[in-house]
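Presented below is the structure to which this report refers.
The chains referred to below are lettered A, B, ... by the order of the sequence lines, with proteins before strands, and numbering in each begins at 1. Worth saying up front: this structure is predicted, and the values here are computed from it rather than measured. What you see below is based on every heavy atom in this structure, not just the backbone, and it leaves out hydrogens, waters and symmetry mates.
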Amino acid sequence: MRLSQFHLATVKQVPADAEIASHRLMLRAGMIRKLASGLYTWSPLGLRVLRKVETIVREEMNRAGAIEMLMPSVQPKELWEETGRWQKFGGQLLKIKDRKQQEFCYGPTHEEVITDFARNELKSYRQLPVNFYQIQTKFRDEIRPRFGVMRAREFLMKDAYSFHLGAESLADTYAVMYQAYVRIFTRLGLAFRAVQADTGAIGGNTSHEFQVLADAGEDAIAFSDGSDYAANIEKAETLAPTAERPAATAPLQRVDTPTQKSIAEIAGFLQVLPQQCIKTLLVRGREGLVALCLRGDHEINQVKAAKLAELPGESVLASEEEIVAITGARPGFIGPVNLPDSLPVIVDRDAAVIADFVCGGNLDGIHYTGCNWERDARITRIADLRNVVEGDPSPDGKGLLHIARGIEVGHVFQLGQAYAKALNATVVDDQGKPQVMSMGCYGIGVSRIVAAAIEQRHDDAGIIWPEAMAPWRVAVCIINPKQDPAIHEAAEALYQLLQQRGIETVLDDRGLRPGGMFADMELIGIPHRVVVSERGLSAGTLEYRARQDSESRVITQNELLAILD
RNA sequence: CGGGGUAUAGCUCAGUCUGGUAGAGCGUUGCGUUUGGGACGCAAAAGUCGGGGGUUCGAAUCCCUCUGCCCCGACCA
């Protein structure tokens, strides 16, 4: 590509509301332009990168035996009512009407459509297993789109759905997809981790997320330094403490804490450590409120809490009015002592093994010290309620956990039979009997990968693409102030040579001054830069600089080819 | 959905408090001088000051209202 024939549109200034590096750099490089909240146009430059990712994803899906197809993005309401998700999906589902007032949604995902396809197309167990995929635009009406294409409303996704008779076949394809994902992210040149994940509302049993490691990531992941254990923090279990609870030594005492509400304030005021305090959260249970007790230095894990039998499948904090009505005290002064007998008290495993602790008094301005379980406060049940923290023992007993930030770019699920049952997707088995199929689903956020890669690989000057994602591998820059035809010819010859060798090259023939040209090539992250100028012309040498290097060096054309081959 | 902010040239923003000729930088166009890390000079084009309503002799500025966008929170594949 000759840059003079391309539309490169870099900018120096960028809106102040672009908060993270990838969003800023994609705007500055001119890869994307915002059309509306969460909606972005991909410029010619941005599209080149997007297509690189898409191509690798497609190649590896095909290699893994998946079959590409394409489903409509607009989907009829009736199909979504069959699975109950017309209501359940909530506000994220963009609902639209046609001229006849028929209702549709813009597809946020395609379980319904593919299962409908499968129930019509698949009749016999002999057709299984089969794995269909597409690469297509999705729309999810996010409450708060942010970070550019990282969390956009419209985005490009690869979604695959496999169909099986039996859990074993599903597990086999799941393993194949897992390996395909490892290949994809390895080929893309990204630092990533596959982590155990919560299956969430979708259900099913087994699930892994593929997380690109980056400080700006919205997810926290826990991984062991002594084994290959890795899990999303939503999922990561804590190990039950091995120590017994010490015997009580202190009497229960009321203390006045007129303004101290938070654990930090209480601990500071009473000169105790946060881990000697109990924090009590009241959440809405199936019947009335439920008390959840944690050690003061620990945080509630909403996903774990939502799974408690006493809760209705979600963990929602009680309102201040509800709390006052049942305890008589305002939030900040709640504790496990003297709670109504009807209220279940569920205690985290680590909170259950401390003695002589500090907790709220269920009276405004009052806390207790010297509080002890059983003697002063009831335990209905002990459970794992908290997030793991840095330094916790790994749940597999090997090593300690560390916490890192990640960007979720892929997610694989064993869905089981939920959708196939709802849509009555059956095939006949070898006995001629109809059987409900099992399903797996496998997603990759193609457009999000572009942002995640930048988040992981950039510096002050701009993007540092992995070679596999770069819009071009090599930039040939011409410095030719005197318009010497020999320089242009040399640059053109080099450009042609590289192209003929299958090396994607961009020729910067815009005639810019060197500073502007170099700044642009660094901003858009081209991995290799070659300068053709008067300096090396007679000697037949070139100036070469890799994107991540700080200095350029003089090399011959053959040396350049050796670097690029 | 709750709270906060913001909307002025293609972009980034002043100007609004205290009403009186629409501004700067960057970018764009033309001419000239330049040419190895985002050059300089001269000239030029470019605005329904988010929309609607009101107050006023006069509104970017004050009041009402609607909308878009951003941030924090809650919520959530």
Side-chain angles (χ1 to χ4, degrees), chain A residues 8-20 23-24 27-28 30 33-39 85 88-94 105 107-112 138-148 151-153 155 157 159 197-204 207 209 218-219 232 234 283-284 302-303 306 313-320 408-413 415 441-445 448 460-462 477-484 487 508 510-524 529 531-537 542-543 545 550-552 554:
Chain A
L8 185 69
T10 58
V11 289
K12 289 183 195 168
Q13 281 168 322
V14 94
D17 54 40
E19 297 225 321
I20 63 171
H23 188 196
R24 262 197 315 272
L27 288 170
R28 279 196 57 206
R33 299 285 185 227
K34 185 167 77 172
L35 179 64
S37 177
L39 302 177
R85 289 211 294 182
K88 236 190 309 184
F89 219 92
Q92 273 205 358
L93 193 62
L94 177 66
C105 65
T109 178
H110 279 67
E111 281 84 8
E112 278 79 3
K138 305 284 192 249
F139 190 98
R140 296 182 186 177
D141 200 359
E142 297 281 348
I143 293 172
R144 191 145 77 84
R146 56 185 140 175
F147 304 150
R151 181 171 291 279
R153 294 196 291 177
F155 58 98
M157 182 175 184
D159 48 326
D198 184 67
T199 49
I202 283 185
S207 174
E209 290 167 351
E218 293 188 275
D219 289 343
N232 191 303
E234 290 179 345
V283 297
R284 293 182 187 151
Q302 301 276 1
V303 172
E314 56 175 353
S315 166
V316 181
L317 285 174
S319 68
E320 180 157 345
E408 182 189 347
V409 290
H411 202 159
V412 292
F413 284 95
L415 285 180
C441 79
Y442 319 92
I444 286 183
R448 180 180 281 182
D460 290 345
C477 297
I478 307 172
I479 299 180
N480 191 12
K482 293 173 189 157
Q483 294 304 311
D484 179 351
I487 293 174
D508 194 342
R510 295 176 297 172
L512 293 194
R513 303 161 69 86
M517 192 160 45
F518 296 160
D520 272 351
M521 291 306 108
E522 283 157 18
L523 175 60
I524 69 173
R529 186 187 78 198
V531 176
V532 177
S533 71
E534 199 174 9
R535 285 184 188 173
L537 195 61
L542 303 161
E543 284 169 66
R545 179 165 158 185
S550 53
E551 298 292 329
S552 59
V554 175

Query raised in the report: Do side-chain atoms of A:Arg28 reach the backbone of A:Gln13 as a donor and acceptor pair under 3.5 angstrom?
Result: no
**Report entry** Flag if over 12 foreign heavy atoms under 6.0 Å of CD, A:Glu218
**Finding:** yes
Requested in this report: Pick the P atom in B:U61 and in B:G52, then give their distance to the nearest Å.
Outcome: 12 Å
Requested in this report: Looking at every strand, decide which applies to A:Gln483 at a 4.0 Å heavy-atom threshold: base, sugar-phosphate, or nothing.
Outcome: nothing
Requested in this report: Given salt bridge (Lys or Arg N to Asp or Glu O under 4.0 Å), test A:Arg146 with A:Glu19 step by step and report yes or no.
Outcome: CA-CA 9 Å; A:Arg146 56 185 140 175; A:Glu19 297 225 321; over 6 Å; no
Requested in this report: For nucleotides B:C40 and B:C63, find the distance between their C1' atoms and express it as a whole number of Å.
Outcome: 49 Å
**Report entry** Distance between P atoms of B:A14 and B:A24 (Å, rounded)
**Finding:** 16 Å
Report summary line: Scanning all shown strands, the Watson-Crick or wobble mate of B:G37 with both distances under 3.5 Å is none
Query raised in the report: For atom P, what is the distance between B:G32 and B:C49, given to the nearest Å?
Result: 37 Å
Query raised in the report: With a non-hydrogen cut-off below 4.0 angstrom, is A:Asp520 in contact with a base, only sugar-phosphate, or nothing?
Result: base
Query - Side chain of A:Thr10 (C-beta onward), nearest among B:G37, B:C71, B:G38 - result: B:G38
Requested in this report: Write down the distance between CD1 (A:Ile479) and C1' (B:G38), rounded to a whole number of angstrom.
Outcome: 13 Å
Query raised in the report: Taking the side chain of A:Gln92 as heavy atoms from C-beta outward, which of B:A39, B:C71, B:C76 is closest to it?
Result: B:C76
Requested in this report: Just name whichever nucleotide pairs with B:G19, Watson-Crick or G-U, keeping both distances under 3.5 Å, else none.
Outcome: none
Requested in this report: Using atom CG of A:Leu512 as one end and atom P of B:G37 as the other, report the distance to the nearest whole Å.
Outcome: 14 Å
Query - Spacing of A:Arg33 atom CZ relative to B:C11 atom C1', expressed in whole Å - result: 9 Å
Query raised in the report: Is there a donor and acceptor pair, one atom on the side chain of A:Arg144 and one on the base of B:G3, closer than 3.5 Å?
Result: no
Report task. Give the rounded distance in Å between these two atoms: CD of A:Glu534 and C1' of B:U35. Result -> 11 Å
Report task. Give A:Lys482 one of three labels, base, sugar-phosphate or nothing, depending on what nucleic acid heavy atoms sit under 4.0 Å from its own. Result -> nothing
Query raised in the report: Which nucleotide, in any strand shown, forms a Watson-Crick or G-U wobble pair with B:C42, with both distances under 3.5 Å?
Result: B:G30
Query raised in the report: Do A:Arg146 and B:G73 share a donor-acceptor pair, side chain to base, under 3.5 Å?
Result: no
Report task. Indicate, with a heavy-atom threshold strictly under 4.0 Å, whether A:Glu142 touches base, sugar-phosphate, or nothing. Result -> nothing
Query raised in the report: If the C1' atom of B:G54 is compared with that of B:G19, how far apart are they to the nearest Å?
Result: 15 Å
Requested in this report: State which of B:C70, B:C1, B:G37 makes the closest approach to the side chain of A:Ile143.
Outcome: B:C1
**Report entry** Spacing of the C1' atoms in B:A22 and B:A60 (rounded, Å)
**Finding:** 9 Å
Query raised in the report: Tell me, do A:Arg140 and A:Arg153 make a side-chain contact under 4.5 Å, heavy atoms counted?
Result: no
**Report entry** Nucleotide paired to B:G2 in any strand shown, Watson-Crick or G-U, under 3.5 Å
**Finding:** B:C72
**Report entry** Atom-pair distance (CD on A:Gln302; C1' on B:A74), nearest Å
**Finding:** 11 Å
Requested in this report: Decide yes or no, distance alone: a donor-acceptor N/O pair under 3.5 angstrom between the base of B:G37 and the side-chain of A:Arg529.
Outcome: yes
**Report entry** Nucleotide B:U33, atom P - distance to CZ of A:Arg513 in whole Å
**Finding:** 14 Å
Requested in this report: Quote, to the nearest angstrom, the C1' distance that separates B:C69 from B:G53.
Outcome: 23 Å
**Report entry** Between B:C71 (P) and A:Ile20 (CD1): distance, integer Å
**Finding:** 10 Å
Query raised in the report: In whole Å, what separates the P atom of B:G50 from that of B:A59?
Result: 15 Å
Query raised in the report: Can you tell if the side chain of A:Leu542 reaches within under 4.5 Å of the side chain of A:Val532, non-hydrogen atoms only?
Result: yes
Report task. Keeping the roles fixed (side chain from A:Arg284, backbone from A:Ser315), state whether a donor-acceptor pair exists under 3.5 Å. Result -> no
Query raised in the report: OP1 or OP2 of B:C70 less than 4.0 angstrom from a side-chain nitrogen or oxygen of A:Ser37, does that happen here?
Result: yes
Report summary line: Against the side chain of A:Gln13, the closest entry in B:C71, B:U12, B:G37 is B:U12
Query - d(NZ, A:Lys12; C1', B:G25) in whole Å - result: 10 Å
Query - A:Lys34 side-chain proximity, nearest of B:G38, B:C70, B:U34 - result: B:C70
Requested in this report: Examine A:Arg448 relative to A:Phe155 and say whether NZ or CZ is less than 6.0 Å from the centre of the six-membered ring and inside a 45° cone about the ring axis.
Outcome: no
Report task. Please state whether the base of B:G38 and the side chain of A:Glu522 form at least one donor-acceptor pair under 3.5 Å? Result -> no
Report summary line: Of A:Arg151 and A:Ala36, the one whose closest nucleotide on RNA chain B sits nearer the 5' end is A:Ala36
Report task. State the pairing partner of B:A7; accept Watson-Crick or G-U wobble contacts with both distances under 3.5 Å, and report none otherwise. Result -> B:U67
Query raised in the report: Is any side-chain heavy atom of A:Phe518 less than 4.5 Å from a side-chain heavy atom of A:Leu512?
Result: no
Requested in this report: Could you please name the partner base of B:U61, counting Watson-Crick and G-U wobble pairs only when both distances are under 3.5 Å?
Outcome: none
